[in-house]
Amino acid sequence: MTAPLPKHDVFQAIADPTRRQLLELLGEQEMPVTVISGHFPMSRTAVSKHLRILADAGLVKGRKVGRETRYSLDPEPLLELKRWLAYYERYWDNKLSMLKHLVEADEPIGAAAFPPLAVIDRETTD
């Protein structure tokens, strides 16, 4: 028997800046919703909704301790995001290599096509 698919995927879950902040907060330590709510300018109900979306995506785990639920980060689903971003790193690496080459070159590519401004000013005033 296979596990049910999550209601929200990792990409949907991290799309909201508040949820990204929640992940950072919970990455430091386990907390109950009452403590988490103190870090945000919103109601406890709103924080709980964000936590539910993160939990549906598998990014947050809740653990019952007495009458409260303590939440903590589960970073495992972020590997999907890391794999997706890794595909695009080759484009960034290529652009950064080209930029490095241009910056370190004695005469940047295309520099001969653009004379210094002083030369242009003298030519237009003569």
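Every value quoted in this text rests on a predicted model; they were computed, and no experiment measured them.
- Of all heavy-atom pairs between W84 and Y88, the closest is O-CD1, 3.3 Å.
- Y87 pairs by the ring pair (Phe, Tyr, Trp, His ring centres under 6.0 Å) definition with nothing, not counting sequence neighbours.
- Between atom NZ of residue K61 and atom CG of residue L51 there is a gap of 14.0 Å, rounded to the nearest 0.5 Å.
- Here the CG-NE2 distance, from L22 to H50, works out to 7.0 Å after rounding to the nearest 0.5 Å.
- Taking CG of D9 as the start and CG of L81 as the end, the distance is 10.0 Å to the nearest 0.5 Å.
- Here the closest non-hydrogen pair linking A13 and R19 is O-NE, 2.7 Å.
- Nearest heavy-atom pair across V33 and S48 is CG2-OG, 3.5 Å.
- Contact between P77 and L59 at its shortest, heavy atoms only, is CB-CD2, 3.8 Å.
- From L99, atom CG reaches atom CD of E104 across 9.5 Å, with rounding to the nearest 0.5 Å.
- Here CG of L23 is found 11.0 Å from OG1 of T18. Values are rounded to the nearest 0.5 Å.
- Between the OG atom in S72 and the CD atom in Q29 there is a gap of 11.0 Å [rounded to 0.5 Å].
- In plain terms, the two heavy atoms of I14 and R20 that are nearest each other are O-NH1, 2.8 Å.
- Checked for salt-bridge contact, E68 and R70 meet the test: a charged N lies under 4.0 Å from a carboxylate O.
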Legend entry - Pair L26-V60, side-chain contact (heavy atoms from CB on, under 4.5 Å): steps then yes or no: CA-CA 8 Å; L26 294 173; V60 168; 4.0 Å; yes
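- Between R63 and T69 there is no side-chain heavy-atom pair separated by less than 4.5 Å.
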